[in-house]
Structure formats: structure tokens, C-alpha cells
Protein chains: 2
Amino acid sequence: MKLFLSTYVNKIDSKGRISLPSSFRNILSKENKKEIILFKSIKFAAIDGCSYERINTISERIDNLDIFSEDQDDFSTSIFSEIVPTSLDKEGRFIIPNFLKKHANLKNEAAFIGQGNYFQIWHPKSALEKQKASRERIKANKKTLTSILINKSND
Amino acid sequence: MKLFLSTYVNKIDSKGRISLPSSFRNILSKENKKEIILFKSIKFAAIDGCSYERINTISERIDNLDIFSEDQDDFSTSIFSEIVPTSLDKEGRFIIPNFLKKHANLKNEAAFIGQGNYFQIWHPKSALEKQKASRERIKANKKTLTSILINKSND
DNA sequence: TACTTTCCCATTGACGCCCATAAAAACCCA
DNA sequence: TGGGTTTTTATGGGCGTCAATGGGAAAGTA
């Protein structure tokens, strides 16, 4: 199974283009090799991105939320109405729409951070802070990454 | 079951390459013979490493968490975005990314320390100190290696 | 026309692939 | 068991390819 892994910082050029990291490009399916989907992260000043296929999974999960809950409605509105299908150029670059750039405070560069089945685009500095905060929350819960990564048995 | 055992000190060459010890290479599965995973040790100035397979188990676990929960987000950020998938060349060498080299104070050589299901990469001197400290802690805790090695049923 | 987006080409540096060598380890056979 | 031979390892270096980036020109859009 292919996953979006690791972190890469790339530049936004004068035309607004930015390269999707090579290892992320390789994850896109052959049918939709040049297509990705972007949308505003609900919780963060960041952009979520994924392959076209992933949208189906997300929609299923939202469907599984209680149909009468406010959450369900909020999520589907936030996500689906603001989805931006985006295509890569021959070199693997794409253009981040202005409203998304604004949402994530992007100017000259952006950090791509792998999240397994999807990825996020952050202002590089915010990305570092986010990673640090996540680590510390996990530590505070007395869980160690190593134990998660290494131990065969889950507890 | 094959385990990462023993300690080896290898050189980092001018291109930044270092050989994964042969005995460690033999532990990697045939499917992913040329792929390992590196990540920052949380507790030490060292790098943790393991075979690529673990990723699959880990990602399944994370994927099964509630997609909107904070845990899910923390785990996927800390793990997926900070993991460094790395491939070995034909000779069994790989490149340690700069930010990891910095974290472990590595320059011209590095010590590989077997830890059973995973391994660590240390600055050779720090590795010695670490091993010494570990032995002394065990002594202080009045545990003997023999007791651990002899008794079958310890948990 | 003015502006935006895509296509194409060029550059640079990083990395992968290949071959070479010396030392160590494994092997073999008397 | 010892000594010689073969194989494996760790290491070094050349070179071609690819990724990230930049910019000009063409094509599309308003």
C-alpha cells in the first residue's frame, strides 16, 4: 500500500507554481496521475490534499456520521463545497488557488506533510510547530512513538 | 524470528552514504529488501530505524482511529509526516538526511545498535556511554541479565 | 488587449546505478 | 587443524538520470 510519508518543503515560484514532491506524485494512481484534490483544512490553517480516489472514502465516512447530527451537515458543507480539483503540469507542478494560499498563510514556500492516505500543505514554520505540538500531546498521554512503531502487540 | 542484534560502527562517506550492516540487511524481508524507515528518537539524540513492513501495521492502526479525533490527527502527523522512508543502494548503503544527522550529532561515522525488532543509529561515542548507562541501570535495579535470559516466563 | 495558464526548454544539484578495490569472513580440502 | 582459495563486506568514485526550479513563448480566457 502506498502512503504519503515524510515532509518536504518546496518553493512557490513567481507564477504561483509549486512542485508536488516526487514521492507524492508516485502515489497517484495511473488513471489520475495528473489530478489531485485540495480543500481547506477544517481544523487548521492548512490545506488538505489527496488523490482523486480518496474523496470517495471521505464521503463514505461522512455518510456514516449520524444523519441528523449537526456535524454531518457541517462537515459535508465544509468539505464538499470547497473542494478544488487541481491538475499537475508536465513537471509535476500545480497552482494553489489564492483563497487557499490565504487560508494557509503561504507566500514563497510551503511544506508538504504526509498523513498516510492524504497530505497537508502548511506554512513551513507552522508545520514545524504543529509537528512539535502533536509529539508533545502524544508524550503527555504516556505513549511513545517508538512503542507504537516497534511493538507488535497493541495495548 | 530474525532480530537486529549487536553493534557495528560504519563510516559515512563523502556523499553521505553509510552501509547498513550486513546482518541487519539480512533481516529485511524479500519484498522490501531495499527499504528501511528512519525516524527521530524521541528520548535520545539518536535515530530509530526499522524495516519498511512496519508501516503497514502502523497505518492500519491509525486508519482505524476515528478520522475526526485528535488522536488520529496527532498520530498521523507525528508518524506519517516525520517518518523517512529510505532506500538502500545495490551495495546496501543509504543516505541519512541532514536533519537526522544533526539530531544524532553524526559526522563521519555512526554506530548501529541492535534493539531486537528495531535498531538505533548513534554517534559512536554516545553509543558507548549509552550502553554503559544501560548496564548500570540494570545493575541498580538488581536485575541480572541471567535472570532475564534464563526465565522463560517473563512479561 | 491584458492576464492567466500551459507547454517547452534549460540549469543545477542530488541521487541512483554501475564498477573497482581492499579487507574480512566463510569455505574447502588435504 | 591449518593454509590457501573464494565470497562477502565495507568503502570509494564516475557518470547518467531525475527532481526541483526558472523563464520564454504559445495558447486560452475575459
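Just so it is clear, the structure is predicted and the values come from calculations on it, not from any experiment. To find a chain, count down the sequence lines: A is the first, B the second, and so on, and within it residues start at 1.
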Please check if the side chain of B:S59 supplies one atom and the backbone of B:N56 the other of a donor-acceptor pair under 3.5 Å.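 Checked: pair present.
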Ignoring hydrogens and geometry, is there a side-chain-to-backbone donor-acceptor pair from B:S41 to B:D48 under 3.5 Å?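 Looks like no, no N/O pair under 3.5 Å.
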Minimum heavy-atom distance between B:A111 and B:A127, given as atom pair plus value: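 Residues B:A111 and B:A127, closest heavy atoms: CB-CB, 3.9 Å.
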Any chance you could lay out the salt bridge (Lys or Arg N to Asp or Glu O under 4.0 Å) test for A:R135 and B:E82, step after step, and finish with the verdict? CA-CA 10 Å; A:R135 266 180 180 241; B:E82 302 209 43; 3.2 Å; yes
A:Y118: hydrophobic cluster co-members (side-chain, 4.5 Å):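 Result for A:Y118 is none, singleton.
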Which ILVMFWY residues are connected to B:F99, directly or by a chain of links, through side-chain heavy atoms under 4.5 Å apart?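 Members besides B:F99, by chain and number: B:F4, B:Y8, B:I12, B:I18, B:L20, B:F24, B:I27, B:L28, B:I36, B:L38, B:I47, B:V84, B:L88, B:F94, B:I96, B:L100, B:L106, B:F112, B:F119, B:I121.
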Nearest-Å distance, CG (A:D13) to C1' (C:dC8)?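 Rounding to the nearest Å, CG of A:D13 and C1' of C:dC8 are 15 Å apart.
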Please state how far atom CZ in A:F94 lies from atom C1' in C:dC7, giving the value in whole angstrom units.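 To the nearest whole Å, that distance equals 19 Å.
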Determine to 10° how strongly the helix from C:dT1-D:dA30 to C:dA30-D:dT1 is bent, judged from the axes of its five-pair ends.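 Between the axes fitted at each end of the helix from C:dT1-D:dA30 to C:dA30-D:dT1 lies an angle of 40°.
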Would the number of heavy atoms belonging to other residues, nucleotides or ligands and lying under 6.0 Å from OH of A:Y52 be above 12?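 Open: at most 12 neighbouring heavy atoms sit under 6.0 Å from OH of A:Y52.
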Expected output is a numbered-order residue list: members of residues 102-113 of chain A with a heavy atom under 4.0 Å from any atom of DNA chain C. What is it?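 The stretch gives none, as no residue of it lies under 4.0 Å from the strand.
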Which pairs count as side-chain hydrogen bond (donor to acceptor under 3.5 Å, both in side chains) when at least one residue sits in residues 100-109 of chain A, sequence neighbours excluded?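 Every pair satisfying side-chain hydrogen bond (donor to acceptor under 3.5 Å, both in side chains) with a residue in residues 100-109 of chain A: there are none.
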Should A:R54 and A:I37 count as side-chain neighbours, where that means a heavy-atom distance under 4.5 Å?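 The answer is no, as the side chains (C-beta and beyond) never meet within the 4.5 Å cut-off.
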Given A:K130, A:Q131, A:Q120, the one that forms side-chain hydrogen bond (donor to acceptor under 3.5 Å, both in side chains) with B:T77: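 With B:T77 as partner, A:K130, A:Q131, A:Q120 yield a single side-chain hydrogen bond (donor to acceptor under 3.5 Å, both in side chains), made by A:K130.
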Identify whether any heavy atom of B:N10 sits under 4.0 Å from a base atom; if not, whether one sits that close to sugar-phosphate; answer base, sugar-phosphate or nothing.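 Sugar-phosphate, no base atom in range.
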Under 4.0 Å from OP1 or OP2 of C:dC7: is there any side-chain N or O of A:R93 that close?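 Checking C:dC7 against A:R93, no side-chain N or O comes under 4.0 Å of OP1 or OP2.
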Listed in order of residue number, which residues of residues 14-24 of chain A have a non-hydrogen atom at under 4.0 Å from DNA chain D?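 Here the set is A:K15, A:R17, A:S19, A:L20, A:P21, A:S22.
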